[in-house]
Amino acid sequence: MRKTFIDTLCKIAKDNENVWLLSGDLGYSVLEQFSRQFPNRYINTGVAEQNMMGVAAGLSLSGKIVFTYSISNFTVMRCLEQIRNDICYHNLNVNIVGVGGGFTYGSAGYSHHAVEDYGVLMPMPNMSIFVPCDPIETKLCIENAYGFEGPSYIRLEKNCDYTVHDKTPHYSIGNPIRILEGKDATIVSTGGVVNQAMTAAKLLANLDINVSVISLPSVKPIDLKSLAAVLNTPIIITIEEHSEFGGISQLVNKAIIQYQINVNEVVNLCTSDDIIYSIGSQDFIRHKLSMTSEKIKNTIIKLMNS
Amino acid sequence: MIFNNTSILAKQIRIHALKMTSNAKASHIGSCLSMAELLAVLYQDILRVKCETPDWEDRDRFILSKGHGAAIYYAVLAEKGFIPKEWLSTYAENDSKLSAHVNSYNIPGIEVSSGSLGHGLPIACGMALAAKASKKNYKIYVLLSDGELDEGSNWESILFAAHHKLSNLTAIVDYNKIQGFGDVKDILNLEPLEDKFKAFGWSAVRIDGHNIQEIHNSLSELPMENDRPTVIIADTIKGKSVSFMEDSLKWHYRSPSSDELKKAISEIEKTQ
């Protein structure tokens, strides 16, 4: 995802000399492509996120389109008030790229687990939030963030050795993407863990259980009506490497209530307070949270038999 | 050089701010009065801004980072023709454009909203960087409070501005020596402030923040040194020009009663 991000941004910056990139002293082996091509529009602002966001606001107020880059928690939490007051209130073209979404840096410990990031940003005015699931969605999200007036947050993971989509899907901001369609259950997910949902769906297909898989590349804004329209099976499961608070589980549950969707079971797989002390690989922590393909498969079988 | 008009402007905006805070029963009159001369010199003599085209691309940028001093800032904008004077009487009232902390939304002449301390200098750095990159020669001015310098974000920016040689950036510290709960020296001492800025790579000068000639001199020859941002540390008196408000913490919070307002205006009118 990081590679796709920087490739996409370099293409954008080539066409528009107003595009700048700021880094909070992170992005080794990723950002050099930009800094080499556009040295006058790249600044490593140092390990100082509050200043970085203020500088981004000042650049944007002067007509620049700014992307910032850091690890998710550092670029969301440390400088949240700068994001709220300086960037969101003034509705500036600042696009905040956070890497390490969810448990990408699982073994690094809680400081690096980005599991409250988009929930924290959800109420911020004018803010769009993108959570791509693979390189194809990453490209779409970066292009949309660039093309969309106002601030955005793009939550990336790290490396991505798979693609969820075979080809670029039809996508408009705020709308869900249906990747698979099935009648027995619907999985709604966002970010890299969508890939686990896809694998689970394929495993279930071997058992003649047909599952819809829905990806939400943008979690804000969200077209609740379009979301409700894809929740047309008796079992609904949401999966996200994020707290339920401010997460897609709340969006899906709201859609179900607001549009009076008739469902038998709703399960929200998300992070929990007792997981914060868990350290290990992304797969290890996903397993603990029942978010691996095998566990998702078993959950659906159990729900169908209950 | 005689600065009659500047001196008159300082008086006018003091009186506006007193009326506004009294009318709205709002706080922070002491913080307004301490920067009257600083704002008057900036808007009368220094800033290259045009009220008829407030978004003029090559204008100087001014940020009031100590957003709680909004009343006197709106007052100077009204006196200089950016906003109608009638707006001032709506200050902090229901449905007013003029909130009690600086609001830029739909207000000509204001670059950026403020209110939470420690935001102005980073934004000013971004503006200074953009100006340099675009080879524009306009200047960026940011006015900070002393208590505001407790915020770490400023020190990130102080590092940053020196590193990037932002010589088109000038910070002015309204050093009235009183912050939220008492004297700056007792709460979180800033001294030696000039030396700290210099150690971080800035040019620094200390002036009498109520002496119009000194303010003018310091702002007229910028940057003080090539390739360095400048800080002007302006020694001021909280509540300046109103005897019973001067150097008093309570006027960080209290608003003048109608009798106090009359007395305050009378004192200001009598000053030279």
Side-chain angles (χ1 to χ4, degrees), chain A residues 13 16-25 35 38-68 70 74-75 77-94 96 124-126 150-151, chain B residues 55 57-63 65 67 99 101-107 110-136 138-142 144 151-166 168-169 200:
Chain A
N16 187 341
E17 62 180 25
N18 277 325
V19 173
W20 283 56
L21 174 62
L22 307 181
S23 161
D25 200 32
S35 62
F38 315 104
N40 298 327
R41 292 188 266 146
Y42 167 80
I43 294 184
N44 180 348
T45 57
V47 192
E49 294 80 10
Q50 294 183 79
N51 181 61
M52 178 168 76
M53 285 305 161
V55 167
L59 285 167
S60 175
L61 283 162
S62 309
K64 311 300 181 193
I65 298 166
V66 187
F67 283 76
T68 68
S70 187
F74 311 162
T75 198
M77 312 273 182
R78 187 58 162 266
C79 46
L80 185 60
E81 198 183 58
Q82 278 77 12
I83 294 173
R84 176 183 182 270
N85 294 9
D86 304 345
I87 294 169
C88 291
Y89 183 73
H90 297 94
N91 198 18
L92 300 180
N93 285 322
V94 176
I96 302 159
M124 298 298 156
N126 297 316
Chain B
D55 295 332
E57 194 185 342
D58 293 330
R59 70 193 180 278
D60 288 336
R61 269 69 167 171
F62 171 74
I63 297 174
S65 190
S99 52
H101 289 80
V102 172
N103 183 25
S104 63
Y105 183 69
N106 279 344
I107 303 183
I110 300 187
E111 302 290 344
V112 66
S113 303
S114 55
S116 177
L117 299 173
H119 285 242
L121 190 53
I123 297 172
C125 285
M127 289 177 167
L129 208 54
K132 288 222 162 199
S134 305
K135 301 201 178 352
K136 297 280 189 181
Y138 59 79
K139 291 189 167 71
I140 322 294
Y141 301 85
V142 56
L144 309 160
E151 293 283 2
S153 54
N154 287 311
W155 297 96
E156 294 181 3
S157 299
I158 292 166
L159 277 172
F160 181 89
H163 182 87
H164 291 280
K165 301 184 170 63
L166 300 180
N168 53 351
L169 170 67
F200 275 68

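So you know, we letter chains A, B, ... as the sequences are listed, proteins then strands, and number each from 1.
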Check S157(B) against L121(B) and note the closest heavy-atom contact, atom names and distance. CB-CG, 3.7 Å

Honestly, the part of T45(A) sitting under 4.5 Å from a heavy atom of chain B is both

Taking every heavy-atom pair that is under 4.5 Å apart, which of H163(B), E156(B), E111(B) has the most such pairs with chain A? E156(B)

State whether the number of non-hydrogen atoms from other residues, nucleotides or ligands found under 6.0 Å of R84(A) atom CZ is greater than 12. no

What part of E17(A) is in contact with chain B, defined as an atom under 4.5 angstrom from a non-hydrogen atom: side chain, backbone, both or neither? neither

Examine whether an atom of H164(B) lies under 4.5 Å from a heavy atom of chain A, and if so say whether it belongs to the side chain, the backbone or both; otherwise answer neither. side chain

Would you say that more than 12 heavy atoms from the other residues, nucleotides or ligands in this model lie under 6.0 Å from the NZ of K165(B), or not? no

Say whether S60(A) and N93(A), considering side chains only, have a donor N or O and an acceptor N or O under 3.5 Å apart. no

Let's test your reading of the structure: which of V47(A), L61(A), L22(A) forms the most heavy-atom pairs below 4.5 Å with chain B? L61(A)

Does any backbone or side-chain atom of I43(A) lie under 4.5 Å from a heavy atom of chain B? Answer side chain, backbone, both or neither. side chain

Any side-chain to backbone donor/acceptor pair from S23(A) onto N44(A)? Under 3.5 Å, distance only. no

Highest number of heavy-atom pairs under 4.5 Å with chain A among G115(B), G120(B), S116(B), A131(B) belongs to S116(B)

Are R59(B) and Y138(B) in a cation-pi setup, meaning NZ or CZ lies under 6.0 angstrom from the ring centre and within 45 degrees of the ring axis? no

Is it the backbone or the side chain of N103(B) that comes under 4.5 Å from a heavy atom of chain A, or both, or neither? side chain

Just so I understand: if I count every heavy-atom pair under 4.5 Å between each of N40(A), V66(A), N85(A) and chain B, which residue has the most? N85(A)

Please name the pair of heavy atoms, one in C125(B) and one in L166(B), separated by the smallest distance, quoted to 0.1 Å. O-CD1, 3.8 Å

